[in-house]
Number of protein chains: 2
Amino acid sequence: MTAPARKRNTWQREAVRSALGADDGFVSAQGLHSTLRESGSPIGLATVYRALAELATEGEADSLQSPEGESLYRACTPGQHHHHLICRNCGLTVEIEADAVERWAQSVASEHGFTQPHHVVDVFGLCAACSRAR
Amino acid sequence: MTAPARKRNTWQREAVRSALGADDGFVSAQGLHSTLRESGSPIGLATVYRALAELATEGEADSLQSPEGESLYRACTPGQHHHHLICRNCGLTVEIEADAVERWAQSVASEHGFTQPHHVVDVFGLCAACSRAR
DNA sequence: TGTACTATTGATAACGAATCTCATTACCGT
DNA sequence: ACGGTAATGAGATTCGTTATCAATAGTACA
């Protein structure tokens, strides 16, 4: 066999993980990068993009596309599938469990002969605080 | 009062509308533009973008973000709100009525104090034909 | 502890979708 | 017809994201 090819632990990856966990809303890669830089970290932008993509595929982070097409990330409670209720003003996010929607997506797909269904279900709105502030 | 400021009808807008209606899946602005060019039309890219955006706001077209972040458009049956079941291989699309999901989104939002809820609900999968072809 | 191997980083270039600019075109009420 | 002006389109521009590649720094092993 060939060499092992192991994954390495770097402070950069850890910095991204912790910065993501410190924010309770969805953040863009660019935003997270400036946050880190402002707090003194010399981390590079490309690295932030790479780390976020990796965290997302490993299931440690949720990702979604903002209505403007930007990719946003958020640390998530690992394990099962869940959706989000997101304030389009301040970014506040609430995780939503929705077994009913889960089952609905499954059945709608198979009813039409579709396989390997993957659904996108997110609700954008104004949170209580932002609603009041208008 | 000032001048009237009316909207004008151009063959370009009509070309986009008809090309959109001729396709039964979701299409990108760029894709629609090349289709039109290939069929001999000298229409410009910026115009296609403008026409699609306008059709979307007028309710004549549905738009959504592909998982890659690209904006996709599709002629839709005007009137009420609906969702989509989309083949991620060939683009085949089925419109879905989902009053249940509609109500669910509303109630989840208000339960958490959110106002002006707007939801994104789409199911991606492999249609029957594409499933078979694997 | 030192050393070699190579995964990872990061500055920057490259890319691509979408928007903006502005001179030209052509729709449409008169 | 004519004229005011909405609409067009080629190209430049913006901006998010990915690719490049030399330099750096984890990690296994002697």
Side-chain angles (χ1 to χ4, degrees), chain A residues 1-20 23 25-58 60-74 91, chain B residues 1-20 26-58 60-74 91:
Chain A
M1 279 301 165
T2 63
R6 303 175 53 86
K7 180 150 72 166
R8 297 177 182 176
N9 295 322
T10 63
W11 63 265
Q12 285 95 332
R13 207 186 311 275
E14 198 48 47
V16 170
R17 203 202 312 268
S18 107
L20 198 61
D23 197 300
F26 275 87
V27 212
S28 68
Q30 313 240 23
L32 197 65
H33 179 243
S34 4
T35 302
L36 285 165
R37 295 299 279 251
E38 280 163 21
S39 71
S41 169
I43 195 170
L45 179 58
T47 303
V48 173
Y49 271 101
R50 281 187 287 242
L52 286 174
E54 200 174 320
L55 289 173
T57 57
E58 283 171 359
E60 284 196 64
D62 278 327
S63 71
L64 58 80
Q65 310 275 132
S66 78
E68 291 75 40
E70 210 179 3
S71 287
L72 303 180
Y73 300 85
R74 177 171 189 269
Chain B
M1 283 302 169
T2 62
R6 305 176 52 86
K7 178 149 72 163
R8 296 177 183 176
N9 295 323
T10 63
W11 64 264
Q12 286 95 330
R13 205 186 307 276
E14 196 49 45
V16 169
R17 204 201 312 267
S18 107
L20 199 61
F26 274 87
V27 212
S28 68
Q30 312 243 20
L32 197 65
H33 179 242
S34 7
T35 302
L36 285 165
R37 295 299 280 251
E38 278 163 22
S39 71
S41 169
I43 194 171
L45 179 58
T47 303
V48 173
Y49 271 100
R50 281 187 286 242
L52 286 175
E54 200 174 319
L55 289 173
T57 57
E58 284 171 358
E60 284 196 63
D62 277 326
S63 70
L64 60 81
Q65 310 271 130
S66 77
E68 292 75 40
E70 211 179 0
S71 286
L72 303 180
Y73 299 85
R74 177 172 188 267

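The chains referred to below are lettered A, B, ... by the order of the sequence lines, with proteins before strands, and numbering in each begins at 1.
To the nearest angstrom, C1' of C:dT21 lies 15 Å from CG of B:L45. Rounded to an integer number of Å, the gap from B:Y49 OH to C:dA18 P is 4 Å. Distance CD1 (B:I43) to C1' (C:dA26): 15 Å, rounded to an integer number of Å. When the C1' atom of D:dT18 is taken as reference, atom CD of A:E70 falls 15 Å away, rounded to whole Å. Rounded to a whole Å, the CD atom of A:Q65 is 14 Å from the P atom of C:dA17. When the P atom of D:dA6 is taken as reference, atom CZ of B:R8 falls 6 Å away, rounded to whole Å. Atom CD in B:E54 sits roughly 7 Å away from atom P in D:dA7 (whole-Å rounding).
The listed nucleotides are C:dC20, D:dA7, C:dC28; the one nearest the side chain of B:K7 is D:dA7. Of all nucleotides listed (C:dA18, C:dT9, C:dA26), C:dA18 comes nearest to the side chain of B:Q30. For A:R13, the side-chain atoms get nearest to C:dT9 when compared with the rest of C:dT9, D:dA7, D:dG16. Of all nucleotides listed (C:dT8, D:dA10, D:dA7), D:dA10 comes nearest to the side chain of B:R37.
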Report, one pair per line, the protein and nucleotides 22-24 of chain C atoms (nitrogen or oxygen only) whose separation is under 3.5 Å.
none

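At least one side-chain nitrogen or oxygen of A:T47 sits closer than 4.0 Å to the OP1 or OP2 atom of C:dG10. Side-chain N/O atoms of A:Q12 include none lying less than 4.0 angstrom from OP1 or OP2 on C:dT8.
Using a 4.0 Å heavy-atom criterion, one finds that B:S28 contacts no nucleic acid atom at all.
In this structure, OG in B:S66 is found 11.0 Å from CZ in B:F26, a value given to the nearest 0.5 Å.
Between the A:H33 side chain and the A:I43 main chain, a donor and an acceptor come within less than 3.5 Å of each other.
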